[in-house]
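Each remark here refers to the structure printed beneath this line.
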Amino acid sequence: MDSVEPAGLEPGARAPSCPQKGILQPSDSSELECLQQFKVTKIQLQQIQASLLGSMEQALMREASLAPGVRMLPTYVGSTPHGNEQGNFVVLELGASGASLRILWVTLTGIKGQRVEPKSQEFVIPQEVVQGTGQQLFDFAARCLVEFLDAHSVGNQGLQLGFSFSFPCHQTGLDRSTLISWTKGFRCSGVEGQDVVQLLRDAIQRQGAYSIDVVAVVNDTVGTMMDCEPGVGPCEIGLVVDTGTNACYMEEARHVAVLDEDRGRTCVSIEWGSFSDDKALGPVLTAFDHALDQASLNPGAQRFEKMIGGLYLGELVRLVLVHLAQNRVLFGGYTSPALLSQGSILLEHVTEMEDPSTGVVCVHTVLQDLGLNPEASDAELVQRVCVAVCSRAAQLCAAALAAVLSHLQRSREQQTLQVAVATGGRVLERHPRFHSILQETVKLLASECDVSFIPSVDGGGRGVAMVTAVAARLAKHRRLLEETLAPFRLSREQLEAVQTQMREAMAKGLQREPSSLRMLPTYVRATPDGSERGDFLALDLGGTNFRVLLVRVAEGGVQIINQVYSIPECVAQGSGQQLFDHIVDCIVDFQQKQGLRGQSLPLGFTFSFPCKQLGLDQGILLNWTKGFNASGCEGQDVVHLLREAIRRRQAVELNVVAIVNDTVGTMMSCGYEDPRCEMGLIVGTGTNACYMEELRNVAGVAGDSGHMCINMEWGAFGDDGSLGMLSTCFDVRVDQASINPGKQRFEKMISGMYLGEIVRHILLHLTSLGVLFRGQQTQRLQTRDIFKTKFLSEIESDSLALRQVRAILEDLGLPLTSDDALIVLEVCQAVSRRAAQLCGAGVAAVVEKIRENRGLEELTVSVGVDGTLYKVHPHFASLVAATVRELAPRCVVTFLQSEDGSGKGAALVTAVACRLAQMARV
Ligand code: G6P
Ligand code: BGC
Ligand code: BGC
């Protein structure tokens with residue numbers, strides 16, 4: 001019988017079944033008809049390839065797939081092995097090869113090409129367990145683990161386990177995986193919809209013999225793909241044909257809709273066993289397939305798998321033999337009870353019966369074991385049935401693989417794709433012809449692809465250990481990250497403690513007792529009442545920008561013209577004279593531009609630094625903050641310094657009426673719109689707050705009735721060490737590197753000048769732990785102030801996908817992986833969240849003070865807020881409000897974002913002062 005080369009098939013022609021030397025062709029019609037059904041044409045294979053491809057792409061986009069299709073499940077394996085994974089790992093394989101589980105002890109040397117043979121042991125799972133309860137199954141697995149570990153005395157310290165679980169699962173992490181549905185004869189109750197890692201952890205716990213950390217759950221196709229020897233591969237497809245069948249491959253992360261990822265690749269488990277597009281599969285499904293499906297544990301499910309998987313091939317052969325026997329084509333029409341019983345022909349039987357050399361002998365043995373007494377012709381026909389069933393299985397498997405290849409070609413825009421496929425599973429390993437038919441048919445259906453098939457060495461055990469090594473590394477990183485960020489996660493108790501301490505410090509400060517809160521009287525006794533009128537000049541110094549403003553307060557409201565000027569660092573840290581001369585230069589420039597030369601308008605000076613005010617127009621600078629350090633100013637009356645500078649600049653007339661803190665200016669500015677506004681809050685470069693206190697509570701200021709606005713200077717809260725319990729090593733580093741170490745401790749945990757630096761120090765620390773940037777410290781990250789606080793606002797913005805986070809970090813020249821961006825995002829969130837909560841605790845302390853001052857059950861109050869961080873950060877404001885609601889439930893607090901800055905407030909304070917002075921003169 002001359003062999004026929006499987007040349008290209010004419011349309012409609014059946015695909016090659018590679019007739020084997022010594023295997024006779026079919027003789028009569030029914031026999032022919034019966035086997036004919038298993039012949040699949042090239043067109044049909046191409047239709048299956050195309051339909052499966054369509055189903056893959058729909059499932060990737062999470063679009064409802066037209067045909068019940070493949071699942072395309074992310075596996076959270078983000079890269080093929082680097083080869084430097086190392087360590088000892090326990091691997092538990094469940095479900096890859098039927099009712100058995102295998103346990104391995106795998107040692108990864110981390111040295112390319114250096115392999116240590118894994119120790120392994122197989123355990124048969126009793127049928128009543130395979131179809132019992134989930135607890136029974138996982139307890140059985142845990143008992144086998146104990147038996148294995150006892151037998152292999154690997155000690156009981158830090159055992160890390162990789163769980164190869166070969167069933168369709170929704171994974172939400174490397175160690176979190178929910179079973180979608182059982183396949184392959186498994187049907188344990190109470191497992192579908194459950195996290196199988198937790199079920200295993202609970203079972204191991206119940207054994208109580210070993211403390212084993214289950215760090216990763218992996219589909220067997222992934223283990224097979226990862227087991228591919230670097231140097232040969234990397235294999236980017238993992239193909240398993242054992243009792244079941246499936247494949248995984250490395251997909252562009254951006255194509256996987258459920259993953260908010262756009263860079264790099266991620267491994268996707270296709271779960272092609274559930275492919276069942278009637279249009280494509282209908283024509284090749286035979287009556288035997290339907291009969292098998294109806295009799296299976298999961299009728300209607302895994303239709304594609306039931307035509308390929310080793311659990312079903314023997315059964316298909318049996319059903320055909322029964323059919324041919326009942327049609328008197330075989331065994332003289334005799335059927336034995338064994339032949340009639342489901343599952344009596346196994347995969348091993350089929351592979352043996354097809355063995356080219358011993359096949360015919362094996363056929364006799366198998367049939368006699370089934371209580372049959374075959375003729376030679378029976379044996380030949382039985383072999384032909386095996387060939388027909390398995391050839392079709394291999395061809396269908398090839399069509400599916402060809403679909404994956406076409407998809408990779410398309411998604412990588414490669415004309416010719418070169419790829420290595422790791423293969424595993426007993427059908428591929430043991431069946432005499434399955435592999436070759438698969439290869440040939442793939443060549444036929446995906447001729448532009450250069451595919452190499454790499455059999456996995458030990459069924460993927462090492463691959464699972466590789467993933468476990470990666471998972472263990474990520475888990476360790478996660479732990480180190482949690483440990484690093486834990487001090488930033490403030491509990492309600494800690495926030496209440498801050499609130500209480502702030503209240504105590506406020507009380508002491510108001511009584512002029514030693515306190516880190518200076519509680520400075522501002523001589524602003526009232527918020528505007530709307531009757532203010534006139535044109536005013538205002539200066540706004542101390543924030544991000546220095547502004548000169550012309551403020552017109554009229555019937556119809558307030559108009560503002562302002563100009564932003566910069567304060568160069570050399571001026572901010574130069575001499576006081578230089579600074580104030582620079583300020584006057586800006587004023588003169590502004591007057592010129594606004595045509596105000598020669599006009600002496602009342603001027604309000606927002607000076608955002610701690611000043612001991614002796615009057616509305618007298619403020620002694622106590623100390624610089626926020627990077628300012630001009631000499632000869634601290635302890636001086638800054639209004640005097642300004643007036644001196646004006647005097648030095650002859651021909652300039654300015655009437656400095658009031659000096660206000662930016663918190664006061666902000667409160668006044670918002671109070672102009674909302675009379676309930678009795679607190680001012682700044683969260684910008686620096687942070688601070690003021691509020692209207694009962695005059696009777698303010699020591700050192702005459703009068704017992706009425707109110708006075710108090711500038712708390714809360715930036716200095718904790719400078720007495722009272723915040724020590726919250727201060728982290730990163731806060732200490734930022735403080736020590738600042739120009740005012742030991743000062744403004746509360747500010748240095750909250751405000752814009754410092755948050756970026758805190759993040760940078762945490763990133764340096766995590767890099768030194770190897771958690772970030774693969775442990776590579778970069779010059780850039782060592783550079784002070786390189787990580788701007790505005791990056792936090794950008795990185796944490798919800799609308800920013802991870803890719804933009806990466807873009808920001810790459811601009812900083814940081815060599816980051818996909819996980820790095822996520823970690824940086826988490827660090828930013830932890831730092832800004834703590835800042836907002838501390839700020840909220842401060843506001844809660846103040847509004848509660850006001851409520852108690854007035855003996856009110858409930859207080860309704862508004863807070864005027866300004867500052868870049870508060871305004872720009874996507875979550876800061878809402879976190880502050882949430883913290884206030886939690887800590888001051890009896891206060892209804894409205895936060896009013898000041899639109900015109902505190903310059904307007906300074907002008908209003910000036911306007912009030914002028915009005916009062918006017919009234920005093922009349
Ligand atoms: C506004 C106010 C300034 C204040 C600043 C604080 O601009 O007008 O008086 O100092 O906010 O925020 P910043 O982010 O600029 O430091
Ligand atoms: C499962 C897959 C598995 C395949 C091969 C199928 O039944 O659904 O998860 O990869 O069998 O074991
Ligand atoms: C200053 C305050 C100012 C705050 C906000 C702090 O550094 O000490 O006076 O209100 O920054 O700008």
Side-chain angles (χ1 to χ4, degrees), residues 71 73 93 95-98 164-169 179-186 218-224 238-248 269-274 298 301-302 304-306 308-311 424-425 427 460 518 520 538-547 549 562 564 606-611 621-628 660-666 669 680-690 711-716 740 743-744 746-748 751-753 789-790 865-872 898 900-906:
R71 299 179 191 276
L73 304 167
E93 289 180 345
S97 44
S164 169
F165 186 71
S166 315
F167 300 93
C169 290
L179 174 63
I180 299 169
S181 63
W182 285 114
T183 63
K184 297 174 290 189
F186 277 74
V218 184
N219 183 265
D220 56 346
T221 54
V222 180
T224 300
L239 168 63
V240 165
V241 186
D242 194 298
T243 48
T245 180
N246 183 20
C248 68
S269 166
I270 300 171
E271 286 297 339
W272 63 24
S274 55
N298 52 353
Q302 301 295 102
F304 193 59
E305 173 164 86
K306 287 170 180 166
I308 300 172
L311 184 65
V427 175
R518 295 195 182 94
L520 303 163
L539 305 178
D540 186 350
L541 176 73
T544 313
N545 308 306
F546 168 52
R547 274 186 291 210
L549 307 88
N562 77 77
V564 171
T606 301
F607 183 75
S608 311
F609 301 93
C611 288
L621 174 62
L622 297 170
N623 59 275
W624 284 116
T625 65
K626 292 178 289 188
F628 275 72
V660 295
N661 183 264
D662 53 354
T663 54
V664 180
T666 300
S669 163
L681 171 66
I682 295 286
V683 190
T685 317
T687 184
N688 187 15
C690 73
N711 167 11
M712 298 176 66
E713 284 300 332
W714 80 7
N740 56 350
K743 293 267 182 335
Q744 303 293 103
F746 194 57
E747 176 164 89
K748 285 171 181 166
S751 75
M753 185 160 189
T789 297
K790 72 178 172 75
V865 192
D866 208 333
T868 317
L869 178 60
Y870 184 95
K871 283 183 163 177
V872 174
S898 147
D900 317 300
S902 57
K904 169 182 163 188

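First listed ligand is number 1; within each ligand, the first listed atom is number 1. Since the model is a prediction, treat every value here as computed from it, not as a measurement. Heavy atoms only: backbone and side chains are in, while hydrogens, waters and symmetry mates are out.
- Backbone and side-chain nitrogen or oxygen atoms of N219 are examined, and one is located within less than 3.5 angstrom of a nitrogen or oxygen of ligand 2.
- The nearest heavy-atom contact from the protein to atom 10 (O) of ligand 3 is D662 OD1, 2.5 Å.
- By the 4.0 Å heavy-atom criterion, P610 is counted among the residues contacting ligand 3.
- Across the listed options K184, K306, E93, K184 owns the non-hydrogen atom lying nearest to atom 11 (O) of ligand 2.
- Residue V240 has at least one heavy-atom neighbour below 4.0 Å for each of these atoms of ligand 2: 5 (C), 12 (O).
- In this structure, the side chain of T245 does not engage the main chain of G309 through any donor-acceptor pair within 3.5 Å.
- Closest heavy-atom approach to atom 4 (C) of ligand 2 among the candidates N246, T183, V241: N246.
- In terms of protein heavy-atom proximity, atom 2 (C) of ligand 3 is nearest to E713 OE2, 3.3 Å.
- Of all atoms in ligand 2, numbered sequentially from 1 with element shown, those under 4.0 Å from a heavy atom of E305 are 6 (C), 7 (O), 11 (O).
- Residue G752 places no heavy atom under 4.0 Å from ligand 1.
- The ligand atoms of ligand 2 that sit less than 4.0 angstrom from a heavy atom of E271 are 1 (C), 2 (C), 8 (O), 9 (O).
- The shortest N or O to N or O distance between F609 and ligand 3 is below 3.5 Å.
- The residue from T685, V865, N688 that puts a heavy atom closest to atom 16 (O) of ligand 1 is T685.
- An N or O contact shorter than 3.5 Å is missing between N711 and ligand 3 by distance.
- Under the 30°/60° scheme for interplanar angles, the aromatic rings of F186 and W182 are found to lie parallel.
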